[in-house]
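Below is one structure, written out as structure tokens, with a few remarks after it.
All of these numbers come straight from a predicted model, not from anything done at the bench. This chain uses plain numbering: 1 for the first residue, then up along the sequence.
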Amino acid sequence: MAQPNRLRSLAGLFLKLGTIGFGGPQAHIALQHEEAVVRRKWLTEEAFAEGLALCEMLPGPASTQMGIYLGYVQAGPWGAIVSGVCFIAPAYLIVLFLSWGYFHFQNLPQVSALFLGVSPVVTAIVLAFCWKLGEKVLKGWQRITLTIVVFLTTALTSFSILLQFLICGFLGCFWFRSPPSPPQQSAPPPEVPETPETPDGATPTGSAPYGLALGRLMPAWVLPFVGTTLSVTSLSSFWGFDRLREFALPLAIFFLKVGSLIFGGGLVIIPLLEFEVVERLQWLTHTEFINGVAIGQLTPGPVVLTAAFVGYKVAGVSGSLIATIAIFLPSFLFILLATPILLRLRQNPWIKAFLQGVTPAVLGATSAAVLPIAQASLIQSHWPQTLIALGILSASLLALIRFKIPTWQLVPAGAIVGLVLGTWLGG
């Protein structure tokens with residue numbers, strides 16, 4: 001097939017997948033497998049598993065990176081760009097529209113009632129993530145110690161979460177490194193690495209060393225320097241041109257850093273974003289942040305598109321574009337530039353040990369992030385609303401942990417319950 005035809009085929013396929021892919025990363029990967037392996041025969045089962053293993057070990061949303069990878073395999077660098085952009089675009093437009101609606105109508109009683117039901121569901125999603133990850137991670141005194149230390153450090157201090165992840169990863173290199181296995185005559189077929197699952201199927205671990213390469217280019221002191229005095233107290237204009245001069249660089253640097261150090265994407269982004277955009281940069285309030293995460297859960301795309309919500313609050317449509325491009329740019333670069341190297345390094349014992357140190361740190365940081373999120377979603381101005389929020393939280397936890405209900409079904413259900421009961425109480 002000629003290159004233009006391949007690019008058109010990729011664009012059509014990934015626009016479709018980006019529009020219908022509700023259900024989280026596992027649903028995305030299942031759809032990609034069906035199209036690339038079963039229907040179109042682009043890859044064998046073994047080649048798809050190898051590509052998925054590569055994407056799982058990278059920082060960033062694995063299902064989006066898998067789409068970029070498939071485009072790369074099919075049509076080279078341009079194929080990677082086309083497939084990735086087309087996969088992200090539908091969900092980005094949905095987040096942009098919902099962000100505009102939220103910030104312009106959030107003071108209406110109906111909108112407040114709607115998020116009375118949505119916010120506890122998001123809290124339950126994060127709690128269920130911690131529960132399931134804890135079942136996998138809390139084995140051995142080293143992992144338990146790392147989890148507790150990171151939880152207390154995150155909850156009680158303002159010490160950088162990124163630095164905590166890196167420290168725990170380096171400790172993991174010494175605690176969890178296994179001796180290299182003897183050479184084999186014939187290598188077994190590649191397997192997808194076993195990693196803990198989030199409630200919607202996202203994997204909470206990725207690979208830090210490649211994120212560290214960007215981290216060295218953007219050292220830890222850069223972000224505080226460019227964002228210290230740039231708190232946001234009001235909504236930008238729609239296009240955000242009035243704030244670009246002040247906020248374009250801080251938005252780009254911050255989300256580049258986040259995109260290069262998200263360990264597997266998914267809900268792991270929550271503690272990092274919550275600490276930075278609420279506590280330190282003061283771009284969002286706690287309530288706005290949890291509602292932005294909820295909006296990200298309503299779309300067929302990855303939850304990291306919460307970045308578009310943050311960018312819209314800071315600098316309108318321009319800010320949302322900058323934030324979205326910056327947070328996904330590392331994923332494109334990793335696939336385009338590092339694929340051959342990463343395929344060779346995937347089984348490196350140092351990298352595997354590093355990730356085993358990072359995983360309990362992820363659990364500790366995410367558990368600490370639940371505290372302000374729960375406070376914002378559960379403590380209401382009147383006790384009947386508080387009871388409703390507690391009831392929705394409890395029901396959502398039961399649905400997620402016991403009955404495995406997908407998050408994309410729970411969030412709209414919570415919105416309906418909150419809208420009905422909240423409007424009834426308000427009336």
Item to check | CH2 (W239) with more than 12 external heavy atoms under 6.0 Å | outcome: no
Item to check | Worked verdict on I295 versus T306 for side chain to side chain contact (heavy atoms under 4.5 Å, CB included) | outcome: CA-CA 7 Å; I295 286 174; T306 303; over 6 Å; no
Checklist entry - If you round to the nearest 0.5 Å, how far is CD1 of I335 from CE of M66? => result 9.0 Å
Checklist entry - Just wondering, are more than 12 heavy atoms of other shown residues or ligands nearer than 6.0 Å to CH2 in W131? => result no
Item to check | Shortest non-hydrogen contact from A294 toward V118 | outcome: CB-CG1, 3.0 Å
Item to check | Spacing of CG belonging to L371 relative to OG1 belonging to T123, to within rounding of 0.5 Å | outcome: 11.0 Å
Next on the checklist: Is it true that, when you exclude F97 itself, more than 12 heavy atoms of the residues, nucleotides or ligands shown sit nearer than 6.0 Å to its CZ?
Outcome noted: no
Item to check | Criterion side chain to side chain contact (heavy atoms under 4.5 Å, CB included) on F159 and I167, from CA distance to verdict | outcome: CA-CA 12 Å; F159 189 70; I167 292 169; 4.2 Å; yes
Less than 3.5 Å apart, which donor and acceptor atoms pair up between the side chains of residues 79-96 and the rest of the protein, not counting sequence neighbours?
{"from": "S83", "atom 1": "OG", "to": "G67", "atom 2": "O", "distance (Å)": "2.9"}
{"from": "S83", "atom 1": "OG", "to": "G79", "atom 2": "O", "distance (Å)": "2.9"}
{"from": "S83", "atom 1": "OG", "to": "A80", "atom 2": "O", "distance (Å)": "3.1"}
{"from": "Y92", "atom 1": "OH", "to": "S320", "atom 2": "OG", "distance (Å)": "2.7"}

Checklist entry - Side-chain contact, heavy-atom cut-off 4.5 Å: Y312 with L235? => result yes
Checklist entry - Which class fits the ring pair F309 and Y102: parallel under 30°, tilted 30 to 60°, perpendicular over 60°? => result tilted
Checklist entry - Between Q32 and S63, what is the shortest heavy-atom contact and its length? => result NE2-O, 3.1 Å
Item to check | Main-chain N/O of P300 paired to H28 side chain as donor or acceptor, under 3.5 Å | outcome: yes
Next on the checklist: Please report the interatomic distance CG(L138) to OG1(T147), rounded to the nearest 0.5 Å.
Outcome noted: 5.0 Å
Next on the checklist: Test your reading of the model: is there a side-chain donor-acceptor pair from S396 to the backbone of V121, 3.5 Å cut-off?
Outcome noted: no
Checklist entry - Rounded to the nearest 0.5 Å, how far apart are CZ of F170 and CZ of F165? => result 14.0 Å
Item to check | F48 and H33, any side-chain heavy atoms less than 4.5 Å apart | outcome: yes
Checklist entry - For the residue pair K132 and L400, what are the closest heavy atoms and their distance? => result NZ-O, 3.5 Å
Next on the checklist: Under a plain distance cut-off of 3.5 Å, with no hydrogens placed, do Q356 and R177 share a side-chain donor-acceptor pair?
Outcome noted: no
Checklist entry - Are C130 and L363 side-chain neighbours, meaning at least one heavy-atom pair lies under 4.5 Å? => result yes
Checklist entry - Are any non-hydrogen side-chain atoms of R143 and W175 less than 4.5 angstrom apart? => result no
Item to check | Test log, rule side chain to side chain contact (heavy atoms under 4.5 Å, CB included), inputs L251 and W283 | outcome: CA-CA 10 Å; L251 277 170; W283 288 347; 3.7 Å; yes
Next on the checklist: Has Q380 got a side-chain atom pairing as donor or acceptor with S377's backbone, closer than 3.5 angstrom?
Outcome noted: yes
Next on the checklist: Minimum heavy-atom separation for L116 and G418, please, with both atom names.
Outcome noted: CD2-O, 4.4 Å
Checklist entry - So do the side chains of V37 and E45 get within less than 4.5 Å of each other, counting heavy atoms only? => result yes
Checklist entry - Sub-3.5 Å donor-acceptor pair from the side chain of T299 to the main-chain atoms of G296, do we have one? => result yes
Checklist entry - Hey, does the side chain of E279 reach the backbone of S158 with a donor-acceptor pair shorter than 3.5 angstrom? => result no
Checklist entry - Between G357 and L146, which heavy-atom pair has the shortest distance, and what is it? => result O-CD1, 3.8 Å
Item to check | Inter-residue atom distance L43.CG - E35.CD, 0.5 Å rounding | outcome: 13.0 Å
Checklist outcome for this item: Sequence neighbours excluded, the answer for ring-ring contact (aromatic ring centres under 6.0 Å, His included) partners of H104 is W100
Item to check | Which atom of G316 lies closest to which atom of S236, heavy atoms considered | outcome: N-OG, 3.3 Å
Next on the checklist: Let me confirm one number: the CZ-CD distance from R280 to E274, rounded to the nearest 0.5 Å.
Outcome noted: 12.5 Å
Next on the checklist: Can you confirm whether F289 sits close enough to L273 that some side-chain heavy atom of one is under 4.5 Å from a side-chain heavy atom of the other?
Outcome noted: yes
Next on the checklist: Would the distance check show the side chain of S260 and the main-chain N or O of K257 forming a donor-acceptor pair, the cut-off being under 3.5 Å?
Outcome noted: yes
Next on the checklist: Do L70 and F14 make a side-chain contact, defined as non-hydrogen atoms from C-beta onward lying under 4.5 Å apart?
Outcome noted: yes
Checklist entry - With a 4.5 Å limit on heavy-atom distance, are the side chains of L393 and L378 in contact? => result yes
Item to check | I125/L410 under side chain to side chain contact (heavy atoms under 4.5 Å, CB included): CA gap, chis, key distance, verdict | outcome: CA-CA 9 Å; I125 290 170; L410 282 180; 5.5 Å; no
